[in-house]
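Below you'll find the structure, written out as structure tokens, and then a few comments.
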Amino acid sequence: MPARDVPQPAREIRINPSILAADFVNMQTELARIAAADFAHVDVMDNHFVPNLTFGPQMVERIQQTSPIPLDVHLMIEDPDRWAPGYAELGAASVTFHLEAARDPIALARRLRDIGARAGVAVKPGTPASALDELWGEVDQILVMTVEPGFGGQSFMPETMPKLRLLADEAVRRGSAVWLQVDGGISASTIAQAAEAGADTFVAGSAVFGADDPGAAIAALRGQAAAHAH
């Protein structure tokens with residue numbers, strides 16, 4: 001039976017709240033509010049690859065020490081070949097770099113895995129699925145950006161869904177267990193669309209941290225995604 005014909009309850013759905021939407025002054029408390037999530041998504045931006053500046057290694061190390069759930073680090077930085085391994089060495093469970101920024105993405109993915117992290121590769125909305133052809137088997141996660149990287153709170157881009165479907169179909173064709181993640185504008189009104197297109201790992205920021213009860217919001221998003229899983 002093809003992998004995507006497996007009954008929906010068997011499909012593993014992951015909700016990774018983005019701490020970009022958290023209250024930075026009360027980070028430990030904010031992390032405790034999302035203890036029901038699968039990973040804490042940490043956006044690292046350098047004000048070069050994207051026009052915004054967020055966390056560096058010292059802050060990520062402190063978050064790693066404090067978080068009740070594993071870290072899913074998303075590097076929106078130049079020269080990830082140099083800097084990404086350091087985040088794996090800090091203990092991040094998953095480290096994702098941008099294909100557009102890496103000089104040797106295969107070598108970098110292998111290095112991250114050697115350290116002990118899951119290796120992820122992200123692509124901007126305008127980068128085609130075919131650009132990832134050489135990465136199959138080298139990465140554990142593919143992140144399809146559903147907004148232009150750089151800022152939280154942007155609107156979901158439905159025009160990125162055909163690319164996600166292509167990747168989901170290719171994963172089935174190859175028998176790949178790669179996780180397909182989406183990041184940008186994921187909320188109660190968009191998560192079903194992304195799940196139907198093949199995503200199984202969802203980054204949500206304000207949809208979780210902006211809720212009165214983040215735990216309930218995580219459960220609701222997980223339920224919606226599972227109900228619409230392709």
Those residues that, when tested against F49, pass ring-ring contact (aromatic ring centres under 6.0 Å, His included) (two or more places apart): H98
Distance (rounded to the nearest 0.5 Å) between T146 OG1 and I186 CD1: 4.5 Å
Taking the side chain as every heavy atom from C-beta outward, state whether P125 and P149 have any atom pair closer than 4.5 Å. yes
Interatomic distance, CG@L164 vs CD@E196, rounded to 0.5 Å, equals 11.0 Å
For M157, the hydrophobic cluster (side chain heavy atoms closer than 4.5 Å, chained through members) also holds none
When you group the ILVMFWY residues by side-chain heavy-atom contacts below 4.5 Å and let the links chain together, are V121 and L108 in the same group? yes
Side chain to side chain donor-acceptor pair (under 3.5 Å) contacts touching residues 27-39 (sequence neighbours left out): E30-R33, D38-R222
When rounded to the nearest 0.5 angstrom, what distance separates CD in Q65 from CG in L90? 9.0 Å
Go through E100 and V123 one step at a time and tell me if the side chain to side chain contact (heavy atoms under 4.5 Å, CB included) criterion holds. CA-CA 7 Å; E100 301 89 354; V123 287; 3.9 Å; yes
CD/E159: more than 12 non-hydrogen atoms of other groups inside 6.0 Å: yes
Restricting to non-hydrogen atoms, name the atom on A197 and the atom on M161 that form the minimum distance, rounded to 0.1 Å. CB-SD, 3.7 Å
Could you walk me through whether Q181 and D72 pass the side chain to side chain contact (heavy atoms under 4.5 Å, CB included) test, one step at a time? CA-CA 11 Å; Q181 185 178 70; D72 171 31; 2.8 Å; yes
Derivation and outcome, side chain to side chain contact (heavy atoms under 4.5 Å, CB included), residues V50 and M76: CA-CA 7 Å; V50 292; M76 288 172 268; 4.0 Å; yes
Is a side-chain donor or acceptor of K124 paired with a backbone partner of L99 at a separation under 3.5 angstrom? no
Partners of A217 by side chain to side chain contact (heavy atoms under 4.5 Å, CB included), sequence neighbours excluded? A211
Checking the side chain of T54 only, and the main-chain atoms of M45 only, is there a donor and an acceptor separated by less than 3.5 Å? yes
Is the shortest side-chain heavy-atom distance between V144 and L180 below 4.5 Å? no
Under 4.5 Å between side-chain heavy atoms, counting indirect links through other Ile/Leu/Val/Met/Phe/Trp/Tyr residues: same cluster for L167 and I13 or not? yes
By side chain to side chain contact (heavy atoms under 4.5 Å, CB included), I106 pairs with (sequence neighbours left out) D104, R110, E134, L135, E138
Test side-chain hydrogen bond (donor to acceptor under 3.5 Å, both in side chains) applied to S155 - qualifying residues, sequence neighbours left out: none
Does some side-chain heavy atom of F202 sit less than 4.5 Å from a side-chain heavy atom of N16? no
Testing the basics here: between A117 and A92, what is the closest heavy-atom pair and its distance to 0.1 Å? CB-O, 3.6 Å
Give a yes or no on this: more than 12 heavy atoms of other residues, nucleotides or ligands lie within 6.0 Å of atom CH2 of W83. no
Within one Ile-Leu-Val-Met-Phe-Trp-Tyr cluster: W136 and V139, side-chain cutoff 4.5 Å: yes
Run the side chain to side chain contact (heavy atoms under 4.5 Å, CB included) test against W179 and tell me which residues pass, sequence neighbours left out. R14, F39, R118, Q141, D200, T201
Residue pair L221 / S187: nearest heavy atoms and the distance that separates them: CD2-C, 3.7 Å
Taking C-beta and beyond as the side chain, do T96 and S94 meet within less than 4.5 Å on heavy atoms? yes
Salt bridge (charged side-chain N to carboxylate O under 4.0 Å, His left out) evaluation trace for R111 with E89: CA-CA 11 Å; R111 175 67 179 137; E89 290 166 352; 3.4 Å; yes
Joint cluster assignment, L53 & Y87, ILVMFWY side-chain distance < 4.5 Å: no
Can you name the side-chain hydrogen bond (donor to acceptor under 3.5 Å, both in side chains) partners of D43, sequence neighbours left out? S18, H41, H74
Check ring-ring contact (aromatic ring centres under 6.0 Å, His included) between F55 and all other residues, then give those that pass, not counting sequence neighbours. F24
Side chain of S67, backbone of I63: donor and acceptor closer than 3.5 Å? no
Close side-chain approach of F209 to I19, heavy-atom, < 4.5 Å: yes
Can you name the residues that form a side chain to side chain contact (heavy atoms under 4.5 Å, CB included) with S206, not counting sequence neighbours? none
Under the side-chain hydrogen bond (donor to acceptor under 3.5 Å, both in side chains) test, which residues partner D140, sequence neighbours left out? R113
Determine, for E170 against R165, whether the closest basic-nitrogen to carboxylate-oxygen distance falls under 4.0 angstrom. no
Taking all non-hydrogen atoms of both residues into account, name the closest pair between I15 and I191 and its distance. CD1-CD1, 4.1 Å
Under 4.5 Å side-chain linkage, directly or through intermediates, the cluster mates of M145: L143, V147
Do F97 and D81 have side-chain heavy atoms sitting under 4.5 Å apart? no
Is it true that L71 and V44 fall in one hydrophobic cluster, defined by side-chain heavy atoms closer than 4.5 Å? yes
In this structure, CZ of R173 is separated from CG of L166 (nearest 0.5 Å) by 12.0 Å
Which heavy-atom pair separates A93 from P70 by the least distance, and what is that distance? CB-CB, 3.6 Å
